[in-house]
**Student:** 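Dropping a structure here in structure tokens format, bear with me for questions.
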Protein chains: 2
Amino acid sequence: MPVNSFEHYPMSWKPDKARLKRPYYQSIAELLEQDIRNGFLAPGTKLPPQRELADFLDLNFTTITRAYKICERRGLIYATTGSGTFVAANAARSITISAENTNNTLELGFVASFEQTNDIVADVLQQAVNKRYVSQLLNYNDPTGIPHQKTAGLNWMKSIGVHADQEHMAIVSGAQNALAITLKALFEPGQRIATDVYTYSNFIELAKLLHIQLVPIAGDACGMLAEELEKHCAQTKIHGIFLMPSCSNPTTMMMSDRRKSELAEVMRQYQLILIEDDIHAFFTAGMTDDYKQPMFNLLPEQAVYICSTAKTICSGLRVAYMVYGEVFHEKMLQSIFTTNVKTSSLDAEVITELILTGEAYRIVNKKRQLAKMANAIYANYFPEKKAGEHPLSFYRWLPIQTHLTGAQLEADLKSYGIRVFHSDRFLSGLTTIDQHLRIALSSTNSLDELQVGLKILKQYLSGVSKGGFFL
Amino acid sequence: MPVNSFEHYPMSWKPDKARLKRPYYQSIAELLEQDIRNGFLAPGTKLPPQRELADFLDLNFTTITRAYKICERRGLIYATTGSGTFVAANAARSITISAENTNNTLELGFVASFEQTNDIVADVLQQAVNKRYVSQLLNYNDPTGIPHQKTAGLNWMKSIGVHADQEHMAIVSGAQNALAITLKALFEPGQRIATDVYTYSNFIELAKLLHIQLVPIAGDACGMLAEELEKHCAQTKIHGIFLMPSCSNPTTMMMSDRRKSELAEVMRQYQLILIEDDIHAFFTAGMTDDYKQPMFNLLPEQAVYICSTAKTICSGLRVAYMVYGEVFHEKMLQSIFTTNVKTSSLDAEVITELILTGEAYRIVNKKRQLAKMANAIYANYFPEKKAGEHPLSFYRWLPIQTHLTGAQLEADLKSYGIRVFHSDRFLSGLTTIDQHLRIALSSTNSLDELQVGLKILKQYLSGVSKGGFFL
DNA sequence: ATATTTGTCACTGTACATTTC
DNA sequence: AGAAATGTACAGTGACAAATA
């Protein structure tokens, strides 16, 4: 019997030798990509080991390494030393999340921000642009924000415990924009950023686009585990870490202050750049006794703090404040210029006016009320609670058990008239067995609509849930 | 005499062997970077050939290749087969161009857009936000623009000869933002984009940030040479091409329609993605008999057309229209979501209102008048004209001859109270002997100030110019 | 507990194209 | 016109490290 009897232990993937062209590594990568995109290789499938495939194709195994690497960079597969190479969970589809024109669909997917408060904004907007100095907002000056706008932002952040000065903050076009600017400024293709196992899917996509690798780190009810982070840092060079300590998206976990210190210690030791997205700060500060301050304060010199006003004040006004350490100053400016040239002063001016008039605080309170009510409604349908979850989150993380794939579930629910997102979209790397749905509470036109949506959801889930699982 | 007698033909760069650590290629790259940034290796210096340095360090020459490649990706050096490897013109400094708060300086550097017309915009702005539907502008909907805004944009572009539909256009936050979105969407690190020898410096910086290589292609009075492009395409894989045919920045060259067709032919043959920045369209269409249409029309399926309103209407309202082929549709959307989530509807709404009320056309005419006057003033001081130059450009490209470096010249002129940019900033790769200054005509507070600035400039230049050079 | 499986990384070897002289 | 100089692209070798059985 020949040593390489592929007949007996068939490989999960056998590229057609005849279609191989030189350069081999590219050709192999192309064939693999096609087979994944066409669905011949399902997510989670184990690919043949490099040496085995090399044997089969009569090539050196590092040529296969190269081919696999190309696909890994494209997010199609992921590899673990010792275990093998697998087709990624979100290989064949884009997981980018965006608003849709949903005429016949109840929106429980995309997280908006209780747009019911926008009338207040509209009023202030009209006041703001009736000032005498409007035409000063219309030129190229002050690309990181006009001084008085920055001052207002600094005051706004003071109330959530972040202190900075004009030189180390910038106004940009929303949190996503801030993330794009930060990644471009401070990271290079091929570098690694640690994240929670589940993380914000647009961050995953952004990292993919910029060819930055995400390293998922396990966590518990208090947030990411410091030992796990330490372990990975010791293993491979990790350059940064992305966290949403005030309310993780999508899991709604709030990180304990103790955990913040532990993680900060590791970050300091390994010189990780912390990217903190504190989108929910205003709904967290003052909510729990444990909450003291953002992580930024623990390592202000090696961190970038991002505070968007989209969730707290108004989603359509594209404004986020960024605060960063002195060492990042120059690189950040450059990245801001090359992505935006400047942020619209108009949006920033309206937000500034909202803060100065105090209306912003009124809006926050109103949204807090709405969040309370929406969460109460949710609890009627899905009462289970887990430790560490944020009580006022704009979305909930619902554990489910089905035999369906994420894509199927989403499609099914859409046909019933509701849009939700499956946990697969939020996977930063490997596949998991757990399934969840992220349910947005802040995106329907009214709380009544939310109620309708949740009812449909509950009904659907009791139909597809397997075993003795109860909802 | 020994073969490797380094004593006799000293190498331009000898890294300290003792400081070499493993991995060698990284160590070498670091040492090289330090020596360049510290100024030990001046721009233009020829580095030792790969084989020679390898010999000296007792390594295989491909290890040097790798070290050089790292530095090349960082924009520190550039290499040409057959000729050697050289320190890049802008190795040690950032060439990002942005507005500055110039209290005591006359701005002839950054190109603004005759901000004198902003009063018209301010009026329309106030009308626009007094409409009933403002609060609809304040949510997450329509991330690529609200339909009526897109319609206005499409009409606007119709007048410069671009035809598209809602599905294949998007509204984003200005031309630079559009470029960032496009490069992230359609290119990967390591890929190559052809450009003019001199090109827009923020595009150079953006490409650097995204690790996309620029390939400078020679041109003549009619624009980039098709034969040259063809030659480079045949040599190495080039993935795209960036052009500003209506008025190249910084050279003010207008591409002839004949040249457009020739270049389009090459692009079609080699499947290049065309990125066309048509910032000056409104000042070009109708200006010359030769001008027919943007290049986009010649290859609509493999091109991205960018039309910013910053120069034509108002610089502070961050709005640019993008038009692209069907094949790019999905990737573009994803890139828009991951860089911006959405563009501010507010800015777009004001621009829309300006277009619908016809005020936008009034502003264009006014700016055209201002451009005419400013160029006339410039001609008083610097009368020389070159074929192919745009008569109404917002900036001019002034040939100079000095012994000073670009950085010195800029610093000198700043001390005399004017800010200008030296041609080195716009070099996409190699160094050249020619020196130019880019003189912005549209950025001073008034034409009187422009006059003062040009006077100072002329005086200064007659002092430093060498030989029989006249101004 | 240790051998095996499996992926990663740095460096080497070879063929080749273009530029220069 | 042809040889030498020079950079590029791809494939291969071997040491190593993590995960698994």
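Lettering follows sequence order; numbering is per chain, from 1.
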**Student:** Please confirm whether the shortest side-chain N or O distance from A/Asn60 to OP1 or OP2 of D/dA11 is below 4.0 Å.
**Tutor:**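 So the side-chain polar atoms of A/Asn60 never come under 4.0 Å of the phosphate oxygens OP1 or OP2 of D/dA11.
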
**Student:** What nucleic acid atoms does A/Tyr68 come within less than 4.0 Å of, heavy atoms only: base, sugar-phosphate, or nothing?
**Tutor:**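 The answer is nothing, as A/Tyr68 stays clear of every strand by at least 4.0 Å.
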
**Student:** Taking for each residue the nucleotide of DNA chain D bearing the nearest heavy atom, is the 5' side occupied by A/Lys21 or by B/Thr85?
**Tutor:**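 Per heavy-atom nearest nucleotide, the more 5' residue is B/Thr85.
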
**Student:** Parallel, tilted or perpendicular: which describes the rings of A/His436 and A/Tyr198, with under 30° parallel and over 60° perpendicular?
**Tutor:**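 Geometry flag for A/Tyr198 against A/His436: perpendicular rings.
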
**Student:** Please work out if A/Arg22 contacts a base, only the sugar-phosphate, or nothing of the nucleic acid, heavy-atom cut-off 4.0 Å.
**Tutor:**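 Sugar-phosphate contact only.
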
**Student:** Using atom CD of A/Gln213 as one end and atom P of C/dT8 as the other, report the distance to the nearest whole Å.
**Tutor:**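 From A/Gln213 CD to C/dT8 P: 9 Å.
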
**Student:** Checking all strands, does B/Ser83 fall into the base, sugar-phosphate, or nothing category for heavy-atom contacts under 4.0 angstrom?
**Tutor:**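 Sugar-phosphate contact only.
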
**Student:** What's the CZ-P distance between B/Phe61 and D/dA5, to the nearest Å?
**Tutor:**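 Taking CZ of B/Phe61 and P of D/dA5, I get 14 Å after rounding.
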
**Student:** Need one value for A/Lys231: base, sugar-phosphate or nothing, where a base atom within 4.0 Å counts as base even if backbone is also close, heavy atoms only.
**Tutor:**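 Since no nucleic acid heavy atom lies under 4.0 Å of A/Lys231, the category is nothing.
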
**Student:** On the nucleotide D/dT8, are OP1 or OP2 found under 4.0 Å from the side-chain N or O atoms that B/Gln50 carries?
**Tutor:**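 So the side-chain polar atoms of B/Gln50 do come within 4.0 Å of the phosphate oxygens OP1 or OP2 of D/dT8, strictly under.
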
**Student:** What nucleic acid atoms does A/Tyr25 come within less than 4.0 Å of, heavy atoms only: base, sugar-phosphate, or nothing?
**Tutor:**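 If one applies the 4.0 Å heavy-atom cut-off, A/Tyr25 turns out to touch the sugar-phosphate alone, with no base involved.
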
**Student:** Checking the side chain of B/Gln302 only, and the main-chain atoms of B/Gln271 only, is there a donor and an acceptor separated by less than 3.5 Å?
**Tutor:**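 Here the side-chain-to-backbone pair does not exist.
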
**Student:** Looking at B/Asp220 and B/Arg259, is there a salt bridge between them, counting it only when a charged N and a carboxylate O are closer than 4.0 Å?
**Tutor:**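 Yes, charged N to carboxylate O under 4.0 Å.
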
**Student:** Between A/Arg51 and B/Thr62, which is nearer to the 5' end of DNA chain C once each is assigned its nearest nucleotide?
**Tutor:**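 Counting from the 5' end, the first nearest nucleotide belongs to A/Arg51.
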
